[in-house]
4 protein chains.
Amino acid sequence: MADMTTHIATSTADGITVRGHDLVNELVGRLTFTEMFYFLVCGRMPTKAECRVLDACLVTLMEHGFTPASLISRLVHDSVPEEIQVAVASGLLAVGSVFAGTMEGCARILQRGVGVEDPDRYCAQVVEEHRAAKKPVPGFGHAFHKPDDPRTPRLLSIAAEEGLSGKYVDLLQRLAVAVDRAAGRHLTINATGAIGALLLEIGIPPEVCRGVAVVSRSGGLVGHILEEQRTRSARFITKLAKEHIPYECPTR
Amino acid sequence: MADMTTHIATSTADGITVRGHDLVNELVGRLTFTEMFYFLVCGRMPTKAECRVLDACLVTLMEHGFTPASLISRLVHDSVPEEIQVAVASGLLAVGSVFAGTMEGCARILQRGVGVEDPDRYCAQVVEEHRAAKKPVPGFGHAFHKPDDPRTPRLLSIAAEEGLSGKYVDLLQRLAVAVDRAAGRHLTINATGAIGALLLEIGIPPEVCRGVAVVSRSGGLVGHILEEQRTRSARFITKLAKEHIPYECPTR
Amino acid sequence: MADMTTHIATSTADGITVRGHDLVNELVGRLTFTEMFYFLVCGRMPTKAECRVLDACLVTLMEHGFTPASLISRLVHDSVPEEIQVAVASGLLAVGSVFAGTMEGCARILQRGVGVEDPDRYCAQVVEEHRAAKKPVPGFGHAFHKPDDPRTPRLLSIAAEEGLSGKYVDLLQRLAVAVDRAAGRHLTINATGAIGALLLEIGIPPEVCRGVAVVSRSGGLVGHILEEQRTRSARFITKLAKEHIPYECPTR
Amino acid sequence: MADMTTHIATSTADGITVRGHDLVNELVGRLTFTEMFYFLVCGRMPTKAECRVLDACLVTLMEHGFTPASLISRLVHDSVPEEIQVAVASGLLAVGSVFAGTMEGCARILQRGVGVEDPDRYCAQVVEEHRAAKKPVPGFGHAFHKPDDPRTPRLLSIAAEEGLSGKYVDLLQRLAVAVDRAAGRHLTINATGAIGALLLEIGIPPEVCRGVAVVSRSGGLVGHILEEQRTRSARFITKLAKEHIPYECPTR
């Protein structure tokens with residue numbers, strides 16, 4: 001078999017090295033979680049500005065109340081109470097193509113379009129292709145936050161404050177114009193669209209955008225598990241489903 | 001059915017509330033990930049000192065090179081490449097009783113023992129009970145980091161610097177004396193023991209200690225998935241297992 | 001490192017061997033799923049009687065309507081529709097200590113007690129220990145099927161018909177007498193208790209009892225996922241939770 | 001909210017109904033696992049012939065030795081030994097697009113092509129489209145079983161014996177001719193291709209083909225977990241990875 005190596009970590013009896021740095025003396029006590037996460041993903045330390053933008057994205061995605069993910073974690077915790085990592089992990093499984101996929105999808109559109117000669121034409125084409133395929137443009141529209149997702153202007157203004165509102169944010173805003181024009185009405189840039197652009201601005205590739213959502217959500221799910229320990233909502237939710245979705249004999 | 005409520009989050013068309021705070025205006029852009037995580041778990045904002053200690057714990061637990069968790073995430077990513085949350089979540093399933101359980105187990109021993117009249121006697125009893133049951137005292141000993149786990153003194157000194165080396169750290173150190181005395185040799189306080197004590201010092205209950213490990217490790221696993229995308233180690237690992245664990249016909 | 005081997009399977013370019021048998025010529029087309037599963041777990045082919053008992057257990061455990069497991073699979077399927085194995089697997093995570101643990105727990109009690117000199121005294125002691133610890137005896141009582149779980153007599157009569165109602169079933173029935181006597185009222189042997197005894201009768205060890213439940217339930221969950229594809233119940237369930245578990249501001 | 005119902009199951013204090021049948025009196029003791037699974041998925045009882053074909057598919061897919069799925073289950077079991085459903089479920093997560101997707105992909109091609117006017121032209125087009133996209137035709141070729149996958153002729157002959165070698169098998173064979181012609185060499189129909197066709201012949205829709213693989217593999221993984229309990233291969237595998245994939249300092 002061909003040679004294979006890893007750049008991530010190694011250890012000796014008295015030391016641990018992570019990507020070329022001494023864990024104990026150079027990283028622990030010096031870095032925040034967010035800085036360490038950025039370092040592991042991007043291979044370099046973030047600037048203060050990049051760090052604030054990443055924190056804003058992580059804080060935004062952390063908690064959404066009752067979503068499939070939090071319901072799943074509560075149900076699993078009630079069935080496997082001794083292993084809370086199972087409850088967290090099962091909820092994270094739902095941070096999938098339907099939800100987190102739009103963040104990734106929007107980031108890919110922006111990545112492909114940055115640097116094209118005529119960005120507005122690129123945006124119009126993207127919108128046209130999605131309309132032809134009867135698919136929404138990822139990162140636009142929201143079932144509940146209408147007319148505008150309140151998280152988006154806040155995220156974009158943080159990027160601007162930090163001098164990180166660059167070519168990706170610019171392209172997102174051109175895309176928003178194209179989306180509205182084609183729809184004949186206003187569709188909000190939603191939080192996943194804004195975060196897709198911001199993660200590109202700070203150098204996080206689309207392939208790992210979803211990882212940011214997963215890390216963030218893992219924190220929120222721990223909070224749901226703590227509440228589940230007090231309220232036992234899982235059994236209540238199971239009862240709700242039984243009572244509101246009655247059995248009907250199938251016709252044979 | 002009895003009434004049930006949640007204290008976590010709610011939203012309207014133009015706002016999101018998380019535990020009594022306006023997400024967009026009070027939390028995003030103001031809090032770091034670590035502060036928001038602490039807030040969701042403990043219900044109040046951490047002090048700067050608590051935050052530094054929590055960050056030190058999170059950074060310590062994030063990355064350990066090739067562990068069961070990182071191997072699992074790599075193998076799953078190779079089989080389900082389009083859904084990276086599945087790769088992260090599957091690795092997190094392994095942050096279970098064997099590894100993270102010792103952090104939790106050590107925290108529970110410290111929690112029970114704080115405030116007893118004779119702490120040294122309590123520690124001696126705890127050690128005795130574990131010896132009788134032929135179980136290691138959770139938080140002590142390390143297969144590889146001998147004689148001492150290098151992470152432990154660093155973690156304890158950060159807590160001391162921040163004025164957070166209190167009754168739980170004190171009891172941990174008494175427990176260490178009792179462990180060594182009963183063993184007749186020195187056994188290190190390992191990182192999970194130190195972190196168990198530090199999390200209690202900053203007000204995180206034993207029931208959620210493992211949640212801290214899960215959140216931290218989720219960040220490290222994203223880094224492994226990125227490396228997997230470049231090196232394709234999963235197939236190499238599967239080949240290694242096939243070549244080094246040959247088939248032997250069972251005797252019927 | 002010491003030598004390690006596997007007894008499970010190997011293959012060449014033109015053949016596959018499973019536990020000493022040629023997969024293509026000896027197993028495929030000759031064995032049912034249940035026979036093959038028994039063979040992989042027990043290392044020998046089951047008799048017709050053992051096979052009927054195992055099928056009865058598998059059929060009993062397969063489908064229970066709206067349980068945590070089926071709700072979880074529905075919620076995950078709605079979030080990750082392209083990877084149905086993720087939906088099945090996430091539901092299986094809930095086949096844990098709370099539910100499947102009672103099957104295993106009952107089997108362990110029976111396994112330990114078979115062959116003791118005074119089985120009735122053993123049963124009385126087991127009941128006494130559980131009462132002292134304020135824990136229910138695993139395999140007894142049911143929240144809904146009162147006074148008797150209808151599955152139990154059917155399972156026991158199938159074992160009797162097949163000549164497989166032996167020492168474990170006998171001990172289960174003695175245990176039932178002891179349970180009722182100590183409670184001062186009738187508590188049903190539930191399906192998990194009966195199945196625990198039957199699996200021991202056919203030679204399946206307690207360590208894998210839960211595996212039988214997992215295999216069985218995986219079949220049932222595929223049925224739930226198919227229904228989810230038609231009815232979209234996941235979004236309905238999420239709405240139910242939001243509407244019936246309102247947000248209440250935490251007191252700070 | 002609109003009305004929602006389920007056709008799957010309901011229960012009363014003394015009875016359980018599954019899809020219109022009394023579980024205790026009509027299903028347990030009368031059906032095999034395979035019949036019950038078919039019933040839950042297809043809504044009717046299978047014929048003996050359909051049942052034998054489904055069993056052949058299930059037996060074929062159950063066990064493959066060291067695959068990502070079995071390695072994952074072993075690694076998770078070592079970390080979470082008390083909850084074996086977690087080990088099974090984590091392995092099943094890997095029965096994903098890369099492996100089981102080819103079964104599903106082949107079934108979809110066959111389903112779309114059945115009934116077209118010129119089936120050979122349809123097959124040639126399918127092959128052409130895959131070549132243009134530089135993708136293999138799902139269900140063809142095998143990394144190891146060359147020139148032919150030994151499972152395929154066995155599976156096809158069982159279908160023929162049972163009178164279930166119909167239009168889908170016919171189209172699969174035409175597709176095989178087209179694949180070979182375009183490649184200029186022989187590519188085997190692999191087991192996932194044959195199973196895709198057979199499942200269509202017995203009325204199982206492509207949307208659930210992967211469910212058949214999941215159910216089958218769950219049985220095989222229980223066998224791996226049992227072996228893991230005896231051999232502790234997980235730690236051996238982790239050591240193998242550490243030793244054969246050395247750390248290399250990243251260039252900064």
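Throughout, a chain's letter reflects where its sequence line sits, starting with A, and its residues are numbered from 1.
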Chemist: Flag the pair A/Leu71 / C/Ile72 as yes when at least one side-chain heavy-atom distance between them is below 4.5 Å, and no otherwise.
Modeler: no
Chemist: Considering all heavy atoms of both residues, which atom of C/Ser79 and which atom of A/Pro68 are nearest to each other, and what is their separation?
Modeler: OG-CB, 3.9 Å
Chemist: Which residue out of A/Ser97, A/Pro81, A/Ser70, A/Ser90 racks up the most heavy-atom pairs below 4.5 Å with chain C?
Modeler: A/Ser97
Chemist: Is A/Glu82 close to chain C through its backbone or its side chain, or both, or neither, when contacts mean heavy atoms under 4.5 Å?
Modeler: side chain
Chemist: For the candidates A/Val76, A/Val95, A/Ile237, A/Val98, which exhibits the highest count of non-hydrogen atom pairs separated by less than 4.5 Å from chain C?
Modeler: A/Val98
Chemist: With rounding to the nearest 0.5 angstrom, report the OG1 to CZ distance, A/Thr238 to C/Phe66.
Modeler: 10.5 Å
Chemist: Measure distances from C/Ala234 to the heavy atoms of chain A and classify the residue's part below 4.5 Å as side chain, backbone, both or neither.
Modeler: neither
Chemist: Do the side chains of A/Ile245 and C/Ser233 get nearer than 4.5 Å, heavy atoms only?
Modeler: yes
Chemist: Supply the atom-to-atom distance A/Leu240 CG to C/Lys239 NZ, rounded to the nearest 0.5 angstrom.
Modeler: 14.5 Å
